[in-house]
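Have a look at the structure below before the remarks.
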Amino acid sequence: MKANDVSIERYGVIDVPGRPRICLGMAHGNWFTLCTTARDRSANIQGQIDQILTTFDGDIAEAGVDKSRLLSAQIWLRRMRDFGVLTEKWSSWIDPANPPTFSCIRADMSTESALVEIRINAAR
């Protein structure tokens, strides 16, 4: 089967006036990716990370992925002083027997209230 014969599944299409039209996640064949920020950006860093990981739980299940299949994570933090909180929450969320690669950088976020953004890639 050619790659073009495999459908593309999109999860969480967002269309907000004045912002780019995007989808939060996408699957193609055996590959899955998901990227999001917290929906309630009034929450502190712990709350925003919890929201993202809860969103991931639902979306990866819908896509037929489990945490043992995570391949990589890219994380953007507004403030590197939040790295300890991120590490604690991330370590308790992943499958400890199958950790993905992990990178984290400090970044100016698209909105002032966004404290963290996380992208995961997984095999299905």
Would you find a donor on one side and an acceptor on the other, under 3.5 Å apart, between the side chain of Thr33 and the backbone of Ile120?
-> yes
Heavy atoms, side chains only, cut-off 4.5 Å: are Trp76 and Ile118 in contact?
-> no
Any donor-acceptor pair under 3.5 Å from Glu117 side chain to Met109 backbone | no
For Ser110, enumerate each residue passing the side chain to side chain donor-acceptor pair (under 3.5 Å) test, keeping only those at least two apart in sequence or located in another chain.
-> Arg19
Least distance between heavy atoms, Val65 atom then Ala122 atom = CG1-CB, 3.6 Å
State whether the number of non-hydrogen atoms from other residues, nucleotides or ligands found under 6.0 Å of Glu88 atom CD is greater than 12.
-> no
Looking at Ser92 and Lys89, what are the two nearest heavy atoms and their distance?
-> OG-O, 3.0 Å
Separation of Asp50 CG from Trp93 CH2 (nearest 0.5 Å) = 12.0 Å
Is any side-chain heavy atom of Arg119 less than 4.5 Å from a side-chain heavy atom of Leu34?
-> no
Could you tell me whether the side chain of Ile75 reaches within less than 4.5 Å of the side chain of Ser103, counting heavy atoms only?
-> no
Separation between CG of Leu24 and OG1 of Thr55, rounded to the nearest 0.5 Å = 8.0 Å
Once you round to the nearest 0.5 Å, how far does SG of Cys35 lie from CG of Asp59?
-> 12.0 Å
Looking at side-chain heavy atoms only, is the closest gap between Thr37 and Gln48 below 4.5 Å?
-> no
Within a strict 4.5 Å, meaning less than it, do heavy atoms of the Cys104 and Phe83 side chains meet?
-> yes
Heavy-atom closest contact (Ser72 atom, Pro100 atom, distance) = N-CB, 3.6 Å
Heavy-atom neighbours of Asp108 CG exceed 12 at 6.0 Å | no
Identify the two heavy atoms, one from Ala43 and one from Leu115, that lie closest to each other, and give their separation to 0.1 Å.
-> O-CD1, 4.0 Å
Would you say Val116 and Ile52 make side-chain contact, with heavy atoms under 4.5 Å?
-> yes
Excluding sequence neighbours, so at least two apart, what forms side chain to side chain donor-acceptor pair (under 3.5 Å) with Arg79?
-> Asp82
Below 4.5 Å, heavy atoms only, C-beta onward: do Leu53 and Phe56 meet side chain to side chain?
-> yes
Has the side chain of Arg69 got a donor or acceptor atom that lies under 3.5 Å from a matching backbone atom of Arg124?
-> yes
Under 3.5 Å, side chain of Arg78 to main-chain N/O of Ala114, donor-acceptor pair present?
-> yes
Pro96 versus Pro99, closest heavy-atom pair with distance | O-CD, 3.5 Å
For Leu71, which fellow cluster members are found when Ile, Leu, Val, Met, Phe, Trp and Tyr are connected by side-chain heavy-atom distances below 4.5 angstrom, either directly or through intermediates?
-> none
Rounding to 0.5 Å, atoms CD (Glu9) and CE (Met26) come to a distance of 10.5 Å
Should the pair Phe32 and Tyr11 be assigned to parallel (<30°), tilted (30 to 60°) or perpendicular (>60°) ring geometry?
-> perpendicular
Taking atom CD1 of Ile8 and atom NE2 of His28, what is their separation to the nearest 0.5 Å?
-> 5.0 Å
Same cluster for Trp31 and Leu70 if Ile/Leu/Val/Met/Phe/Trp/Tyr side chains link at under 4.5 Å?
-> no
Start with the C-alpha gap between Lys67 and Asp57, add the side-chain angles, then the distance that decides, and say whether salt bridge (charged side-chain N to carboxylate O under 4.0 Å, His left out) holds.
-> CA-CA 9 Å; Lys67 294 177 194 175; Asp57 284 335; 3.5 Å; yes
Going by heavy atoms in the side chains, are Leu86 and Ile45 under 4.5 Å from each other?
-> no
